[in-house]
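The residues of the chain are indexed from 1 along the displayed sequence.
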Amino acid sequence: MSVPKTSILVLDCAEPVELAEFYANLLGGETRTAENPDFVEVVGGNGVHLAIRRDHGYAPPSWPRPEDSQQAHLRIVVALGDMDAAEREVITLGGMPVDTKDNNGPRDERVYADPAGHSFTLAVSAERSK
């Protein structure tokens, strides 16, 4: 029998409160800070559970440079008709476009960096489009 578990993606950065606010606003969640101010969780909004941890020696990822690999990224799924509005939200909240090809279709994917430099993708889901 397996012990019940929950997995949480943890992103390192220099300023966890600010990055947590970015993701809480983008994903419709809320931030939770416990006794340790260097660890902030983002929860809520359709199953969101993400954590942000302060790394005092943090250096932003350098992807998409060819010599560096993309170690992990978030995939944020939106409905087919919501891609342009979602992109505006990302940019308004401080996200930076890395690759925003305007695919306008069921395979539309656009890549951004959050304010701390982590990459994430906005992607259309056929299931969300129904």
What heavy-atom pair brings [X] and [Y] nearest, and what distance separates the two atoms?
| X | Y | value |
| --- | --- | --- |
| Ala14 | Arg54 | O-NH1, 2.7 Å |
| Gly117 | Pro60 | CA-CB, 4.4 Å |
| Met96 | Asp114 | CE-O, 3.0 Å |
| Ile8 | Glu41 | CD1-OE1, 3.8 Å |
| Gly94 | Pro115 | O-CG, 3.7 Å |
| Thr31 | Ala24 | CG2-CB, 3.8 Å |

Would you say [X] and [Y] make side-chain contact, with heavy atoms under 4.5 Å?
| X | Y | result |
| --- | --- | --- |
| Arg53 | Asp38 | no |
| Val90 | Arg110 | no |
| His118 | Cys13 | yes |
| Phe39 | Val10 | yes |

Is there a continuous path of hydrophobic side-chain contacts, each under 4.5 Å between heavy atoms, that joins Val43 to Leu19?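 No, it is not one cluster - the side chains of Val43 and Leu19 are not joined through contacts under 4.5 Å.
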
Is there a donor in the side chain of Glu15 and an acceptor in the side chain of Tyr58, or the other way round, less than 3.5 Å apart? no

Under 4.5 Å side-chain heavy-atom separation, chaining through any Ile, Leu, Val, Met, Phe, Trp or Tyr, what else clusters with Val40? Say none if it is isolated. Val17

Please check this pair: side chain of Asp82 against backbone of Ala86, looking for a donor-acceptor N/O pair closer than 3.5 Å. no

